[in-house]
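Accompanying notes for the structure given below.
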Amino acid sequence: MSKTFQYDVVIAGGGTAGVAAAVGAARAKAKTLLIERNPYLGGEATHSGVSAFCGFYTCGGNPVKAVAGVGEELLKEMESLNSESVDYIISATGNKNINFHPEYLKCAMDNVLEKEGVTCFLHTRIIGAKTKDGEIKSIQCVDDEGIFQVEARVFATGDANLAYLSGADTLWGDEEGNVQAATLPFRLSGVDISCDLTPEAVEQAVIKAKKAGIQHLTREKGFILKREGSNQVAVLLPSVMPTGLSSQELTKMELDTRRQVLYYVEAFRRYLKGMEQCELTMIGPSIGFRETRRIKGKSMIKAEDVLNRKKCEDGVARGGWKPEIHKDIDKMATYMDVKEGSWFDIPLGALQSDNIGNLYAAGRMISADEAAFAAVRVMGTCFATGHSAGVAAAVQAEYGEADIRKIRAELDRQGALL
């Protein structure tokens, strides 16, 4: 007979949004479970090696803090573990970002969840969901000892697989079904970071490599992320366009981008100053997705909301980023400019499934049109929407409804920016 566990709130997916959701729910007094398929937390930030947080601050000059709450506390926890694990920088595109050491983020997330009393099941996959009368009643999970069931009052997902399995309405990309490019980051050591490692320098090196006959190079212009005092960098270049999430499609994408890495290393050693003695230290370990499934929400964030920095009475998080659209595997993103130092409000309805009454989305799963999605998907904003989804789930679990006044009051008590 399979085991059954019972909780007030269950969070599916332990990336930046899922961890923030779990902490927010627990602090709102909900008995909370966080489920993650990998052996550690952090999602794209750790499992894909995307070691930079965008969206904690507004875009452009005169940056204003847009995210605090759980996200800020995790930064502080990382710094308490190692003062050099977090580096506030101005990026090559002129935005204030945060570079960090992924291994310290893993431990910081462990520590914060333990402190808040969140139960965490790692090495666990969700394989099904039972629904009744438009609500999820339980989910079916599997680990190395078999299948078990988890019941809860309210669910939230930092990974839209739960939405898909429960029959929630979801979207895939734009109106034609096209999503943004996925990228497999890799890490190099032995790099002279005093040299020019800007996207322009990368582009010149990759173009030279292509002309010299080096194969399997896609994106020519991209970011190399560095931290002061370190000779290790993270490289965001090998890219592919996702078409689905089946094992066959995922395998093809992983093999393709992993092969690309080796050729980029060769190109850098030959044509990028400062990389002559670089060594490959880690690939991935998993491809990083910018866009896959997202929910259809009770409301949808539109491009004009982002560009006009719209405020709303039912706002539960701030979005400080601008639309950053990666639709070509050979080129860098295109950007839609916004007023510097400004943000837009993310409404509660964008986190609520339109047809599953007790399901919340967090992070890059929230309801937004194509251009707006390109602004809300960054990890700084994912911390904020995750925090909001967790608190909203806890309020609904306790009171039977998502009272916006109670949700905003609890978020304010927990230090979120509204």
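Separating the CG atom in Asp345 from the CG atom in Asp305 is a distance of 10.0 Å, to the nearest 0.5 Å. Separation of atoms CD (Glu291) and CD (Gln180) is listed at 5.0 Å; rounding is to 0.5 Å. The CZ atom of Arg318 lies 11.0 Å from the OG atom of Ser342; values are rounded to the nearest 0.5 Å. Rounding to the nearest 0.5 Å places CH2 of Trp321 at 4.5 Å from SG of Cys59. The distance from atom CG of Leu188 to atom OH of Tyr264, rounded to the nearest 0.5 Å, is 12.5 Å. Atoms CG and OG, from Leu184 and Ser286 in turn, are 7.5 Å apart once rounded to the nearest 0.5 Å.
Atom NZ of Lys339 sits in a sparse spot, with 12 or fewer heavy atoms from other residues, nucleotides or ligands closer than 6.0 Å. When the shell of 6.0 Å around CD of Glu114 is examined, it contains 12 or fewer heavy atoms from other residues, nucleotides or ligands. For Lys302, the NZ atom sits in a loose shell: 12 or fewer heavy atoms of surrounding residues, nucleotides or ligands are nearer than 6.0 Å. Enclosure of atom CZ in Arg413 by more than 12 non-hydrogen atoms of other residues, nucleotides or ligands within 6.0 angstrom is indicated. Shown here is Lys327, whose NZ atom has more than 12 heavy atoms of other residues, nucleotides or ligands within 6.0 Å. Heavy atoms of other residues, nucleotides or ligands lying less than 6.0 angstrom from CZ of Phe148 number more than 12. Applying the 6.0 Å contact sphere to NZ of Lys298 captures no more than 12 heavy atoms from other residues, nucleotides or ligands. For Glu279, the CD atom is loosely surrounded, since the number of other residues' heavy atoms within 6.0 Å does not exceed 12.
The cationic atom of Arg364 (NZ for Lys, CZ for Arg) does not lie both less than 6.0 Å from the six-membered ring centre of Phe373 and within 45° of the ring axis. Remark: Lys65 fails to qualify as a cation-pi partner of Phe56 under the 6.0 Å distance and 45° angle criteria applied to the six-membered ring.
Side-chain atoms of Asn358 come within 3.5 Å of backbone N or O of Arg153 as a donor-acceptor pair. For Asp314 (side chain) and Pro347 (main-chain N/O), no donor-acceptor pair under 3.5 Å exists by modelled atom type. Formation of a donor-acceptor pair under 3.5 Å by the Thr46 side chain with backbone atoms of Pro102 is not found in this model. Proximity of a side-chain donor or acceptor of Ser367 to a complementary backbone N or O of Ser299 within less than 3.5 Å is detected. Distance alone, capped at 3.5 Å, places no donor-acceptor pair between the Arg37 side chain and the Leu122 backbone. A donor-acceptor distance shorter than 3.5 angstrom exists from the side chain of Asn99 to the backbone of Lys226, with no hydrogens or angles considered. Checked by atom type and distance alone, the side chain of Thr58 never pairs as donor or acceptor with a backbone atom of Pro63 at under 3.5 Å. With hydrogens and angles ignored, the 3.5 Å screen pairs a side-chain donor or acceptor of Ser230 with a backbone N or O of Gln232. Within the 3.5 Å criterion, the main-chain N or O of Tyr164 finds no donor-acceptor partner in the side chain of Thr170. One N or O on the side chain of Arg290 and one on the backbone of Ala181 form a donor-acceptor pair closer than 3.5 Å.
Phe121 places a side-chain heavy atom less than 4.5 Å from the side chain of Phe5. Arg377 has its side chain out of reach of Cys382: every pair of non-hydrogen atoms, C-beta onward, lies at least 4.5 Å apart. A heavy-atom distance below 4.5 Å is not found between the side chains of Asp143 and His123. Proximity of Phe289 to Met253: side-chain heavy atoms (C-beta onward) are separated by under 4.5 Å at one or more points. Within the 4.5 Å cutoff, no side-chain heavy atoms of Glu304 are placed close to those of Lys310. Using a 4.5 Å heavy-atom cutoff, the side chains of Ile301 and Asp369 are not in contact. Proximity of Thr93 to Phe223: side-chain heavy atoms (C-beta onward) are separated by under 4.5 Å at one or more points. A 4.5 Å side-chain heavy-atom check between Ile356 and Ile136 finds at least one atom pair inside the cut-off.
With sequence neighbours left out, the salt bridge (Lys or Arg N to Asp or Glu O under 4.0 Å) criterion links Arg219 to no other residue.
Asp87 and Ile89 make their closest contact through OD2-CG2, 3.4 Å (heavy atoms, listed as atom of the first residue, atom of the second, distance). Of all non-hydrogen atoms in Leu237 and Thr183, the two that sit nearest each other are N-CG2, 3.7 Å. When all heavy atoms are compared, the tightest approach of Asn355 to Ala168 is OD1-CA, 3.4 Å. Nearest heavy atom pair, residue Met336 against residue Lys322, reads O-CB, 3.3 Å. Taking every heavy atom of both residues into account, Ile295 and Ala361 meet most closely at CD1-CB, 3.6 Å. The heavy-atom pair separating Ser189 from Thr281 by the smallest distance is OG-CG2, 3.2 Å.
Side-chain polar atoms of Ser239 and Thr218 form no donor-acceptor pair below 3.5 angstrom. Side-chain N/O atoms of Asn161 and Arg293 include a donor and acceptor closer than 3.5 Å. Of the N and O atoms on the side chains of Ser85 and Arg227, not one donor lies less than 3.5 Å from an acceptor on the other residue. In this structure, a donor-acceptor pair under 3.5 Å is present between the side chains of His47 and Asn38.
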Evaluate side chain to side chain contact (heavy atoms under 4.5 Å, CB included) for Ser166 paired with Leu359, printing each intermediate quantity in order. CA-CA 9 Å; Ser166 66; Leu359 177 64; 4.0 Å; yes
Using the rule given for salt bridge (charged side-chain N to carboxylate O under 4.0 Å, His left out), can you reason through Arg27 versus Glu73, listing the C-alpha separation, both sets of side-chain angles and the distance that settles it, and then say yes or no? CA-CA 13 Å; Arg27 287 183 175 170; Glu73 290 174 34; 2.4 Å; yes
Report the C-alpha distance between Val240 and Ile287 in whole Å, list the side-chain angles of each, state the deciding distance to 0.1 Å, and finish with yes or no for side chain to side chain contact (heavy atoms under 4.5 Å, CB included). CA-CA 9 Å; Val240 68; Ile287 196 167; 3.5 Å; yes
Check the pair Asp8, Gln396 against side chain to side chain contact (heavy atoms under 4.5 Å, CB included), reporting the backbone distance first and the verdict last. CA-CA 10 Å; Asp8 298 325; Gln396 183 170 334; over 6 Å; no
I'd like to know whether Glu401 forms a salt bridge (charged side-chain N to carboxylate O under 4.0 Å, His left out) with Lys406, so could you lay out the CA-CA distance, the side-chain angles of the two residues, the decisive distance to 0.1 Å, and finally the verdict. CA-CA 10 Å; Glu401 62 178 355; Lys406 289 184 172 66; 5.9 Å; no
Phe53/Phe100 under ring-ring contact (aromatic ring centres under 6.0 Å, His included): CA gap, chis, key distance, verdict: CA-CA 8 Å; Phe53 289 139; Phe100 61 91; 4.1 Å; yes
CA sep, side-chain torsions, deciding dist, call: Lys3, Gln149, side chain to side chain contact (heavy atoms under 4.5 Å, CB included): CA-CA 6 Å; Lys3 297 175 288 186; Gln149 181 171 267; over 6 Å; no
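Taking 4.0 Å as the cut-off between side-chain N and carboxylate O, Lys252 and Glu249 do not count as a salt-bridged pair. Using a 4.0 Å cut-off between a side-chain N of Lys or Arg and a carboxylate O of Asp or Glu, Glu410 and Lys29 do not qualify as a salt bridge. Checked for salt-bridge contact, Arg187 and Glu103 meet the test: a charged N lies under 4.0 Å from a carboxylate O.
Between His101 and Tyr104, the ring planes lie perpendicular to each other; the angle is over 60°, past the 30° to 60° tilted range.
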